[in-house]
Each structure stands twice: as structure tokens, then as C-alpha cells.
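Report on one structure; see the data block that follows.
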Amino acid sequence: MIVLLVWGDYRLHSPMYFFVANLSFLEVAITSTVVPKMLANTFSLTKTISFVDCLTQSFFYFLLGSTEFFILAVMSFDRYVAICNPLRYTIIMNKQTCILLLLGSYVGAFLSILASSILTAPLPFCGPNVINHFFCDSAPMLKLVCADISLAELADFVSSAVLLLGSLLLTGVSYTCIVIAILKIPSVQGRQKAFSTCVSHITVVTLYYGSSIFIYVQPKKVTVMDANKFATVLNTIVTPVLNPFIYSLRNKKVKDSLKDSLNKYVSMLTNLRSLRSQK
């Protein structure tokens, strides 16, 4: 719904909503890589997944999830420019810059998971064939390997640490500059208005980064699978459900756009019914 609203309403054709729409698309995609198979296995007697499907699911989950971290960092930069350089905002965050930042997020995500993917795929999975998880996460997959996994674990840890902590550092620097700029605003109303544009992003960053750092920034894949499963549910189901309300549906422009779209839809249905009645 958010993607369609941003695409169809000229009032939402701005960098902030462009990135919000892409974040919404990523969350739909991430959930789609995990939840359908999880539900199928939940209601099936044979809870199976092929080796190729397992690797594919794992690859796209980490690719899309890594891209989301880059998008969150880009969104923090967008808020920094909007608050700290408002007069130059449209010049800095032009259409070409937004597209390059989006493409850079996908390329950066692909490169960040490439090494761990290359090291994991050829490993001999000749041990037990039961994954202690509801999807093909890296830690339970590596437990099925009957060979030395120290190099794969190291690559997984390094890529996760660089991705998560690196993008979190960029986000933290952006918001430090934003807070300093907000505190310099003389009026209380101005400070509240500036800060309100950042609260939703800070909330999402806290939820998403907190759970992901807990799961993946570990030198060894320790056996805390129950806690990891809960954190993964938070990442793949709970956060994507909450984000539309945190980000968009509380926003006046989005609410106005949604009301107008619903009114147009109702008006179209009314016209169609009147035409049918005339016939």
C-alpha cells in the first residue's frame, strides 16, 4: 500500500518517501523469503526443504536484510541533510543522488555477504539434516557441516560486524549532528517539529539493529537458538508489521494521500454502479 501511495501521489515524490517506499518493498521481500515456507512447514507433516532451496533462501534473506541496513543509514543521512542543510536539501538529495544511493545499498549488501556465501556453499553438509530453526539461518546451517567451520564462522562474523556496526556508526554520526543542530534552534516548537521527523527512524533503527546485533555479531555460533528464533521473529515479522505505522501511517501527508485514494476508489465504485443501473 505504501509503495503504491508513494508511486501514485505527487505529494509523496520526495527523497524521504522514496526511501520509505524502498524500505517497505524490502520488508515485504524479506518476509516473503521466510514466512511462506515457515507456514507451509508448520501445517505440513513433512517439514522439508531441499539443499539448493535452503542456500537460496539464506542468500536472499541476508542480501535483502543487508540492503535494509544500508537503506536505514541512507535515510539517516537524508534526515541529516534535511535538518542541517535545509536550503541545499533539494540540490544535494536530487533524483540522481537518490538512485545512486539506492543502487549503492544493493551493491554494498551483495559485496558484504559475498565472502561468507562463497565459503559456506561448498562445505560438506554430511552431518545431521535437521535445522534447529524455522528458516535456513547461518548458525543452524553451519551446525550441519561435518568439517572445520572456523573460517566460515570468521567470515560470517566479520561481514556481520562490518555491516551492522559500520552502518550503525554512520547512522549514529548523522543523528549526533542532527541533535546538535536541533538544540541550536531557538524556539521550542521548532525543536519539537525537527525532532518529530527523526523519532520514527530512531525507533526502527533501535528495533532492527538491536535484534540483529544480538543474533549475528558473535565470534562463535553459540547455542542460544531459542533467543535467536525470538529475535528473528522480531526482525522478519513483528518489525515489518510495525514499520508502516511507525513510519508512514502516522504522517499527515501519507494519511491525506490514503484518504484521497480511498475517496477516489469509492467514487469510482459508485460511478460503476450507477452506470450498471442505467443499463
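These numbers come from a predicted model, not from an experiment. In what follows, residues are counted from 1 in the order of the sequence shown.
- Remark: L170 CG to L165 CG distance equals 11.0 Å, nearest 0.5 Å.
- In this structure, CG on L154 lies 9.5 Å from OG on S159, to the nearest 0.5 angstrom.
- Scanning all heavy atoms of the two residues, the minimum distance from L123 to L119 falls at CG-O, 3.3 Å.
- Between M16 and R79, some side-chain heavy-atom pair lies under the 4.5 Å cut-off.
- Counting heavy atoms of neighbouring residues, nucleotides and ligands inside a 6.0 Å radius, atom NZ of K47 exceeds 12 of them.
- Of the options T67, L63, L111, a side chain to side chain contact (heavy atoms under 4.5 Å, CB included) to Y106 is made by T67 and by none of the others.
- With salt bridges taken as basic N to acidic carboxylate O contacts below 4.0 Å, none links K37 and D53.
- Interatomic distance, OH of Y61 versus CD1 of I113, reported as 12.0 Å (0.5 Å rounding).
- Considering every non-hydrogen atom in both D256 and R11, the closest pair reads O-NH2, 3.9 Å.
- Residues I71 and F19 come closest through the heavy atom pair CG2-O, 4.1 Å.
- Around CZ of F60, the count of heavy atoms belonging to other residues, nucleotides or ligands within 6.0 Å does not exceed 12.
- One finds the CG atom of L26 at 6.5 Å from the CG atom of N22 (value rounded to the nearest 0.5 Å).
- When all heavy atoms of V3 and F25 are compared, the pair lying nearest together is CG2-N, 4.1 Å.
- Remark: D9 CG to S261 OG distance equals 6.0 Å, nearest 0.5 Å.
- A donor-acceptor contact shorter than 3.5 Å is absent between the side chain of T120 and the backbone of S117.
- Looking at D78, its side chain never comes within 3.5 Å of a backbone N or O of V74 through a donor-acceptor pair.
- The same ILVMFWY cluster, assembled from side-chain heavy atoms under 4.5 Å apart, contains both L102 and F70.
- Taken to the nearest 0.5 Å, the CD1 atom of I131 stands 10.5 Å off from the OG1 atom of T48.
- Using a 3.5 Å distance cut-off with no hydrogens or angles, the side chains of N94 and T97 do pair a donor with an acceptor.
- Residues M93 and F18 are not in side-chain contact: their nearest non-hydrogen atoms beyond the backbone lie 4.5 Å or more apart.
- Across A147 and P124, no two heavy atoms sit closer than the pair CB-CG, 3.6 Å.
- In this structure, A121 and F125 approach most closely via the heavy-atom pair O-CE1, 4.4 Å.
- Contact annotation: the side chain of V254 never approaches that of I2 to less than 4.5 Å [non-hydrogen atoms, C-beta and beyond].
- Not a single donor-acceptor pair under 3.5 Å links the side chain of S267 to the backbone N or O of N263.
- Y80 is listed as a side-chain neighbour of N85, based on a closest heavy-atom distance under 4.5 Å.
- Counting heavy atoms of neighbouring residues, nucleotides and ligands inside a 6.0 Å radius, atom CZ of F135 exceeds 12 of them.
- Here the side chain of T33 pairs a donor or acceptor atom with the backbone of I30 at under 3.5 angstrom.
- Side-chain contact check for I149 versus K143: every heavy-atom pair is 4.5 Å or farther apart.
- L72 and V28 end up in different hydrophobic clusters when Ile, Leu, Val, Met, Phe, Trp and Tyr side chains are linked at under 4.5 Å.
- The SG atoms of C136 and C54 lie less than 2.5 Å from each other.
- Distance alone, capped at 3.5 Å, places no donor-acceptor pair between the S160 side chain and the F157 backbone.
- Without hydrogens or angle criteria, S112 side chain to A109 main chain gives a donor-acceptor distance under 3.5 Å.
- Hydrophobic clustering of Ile, Leu, Val, Met, Phe, Trp and Tyr side chains at less than 4.5 Å, counting indirect connections, unites F51 with L144.
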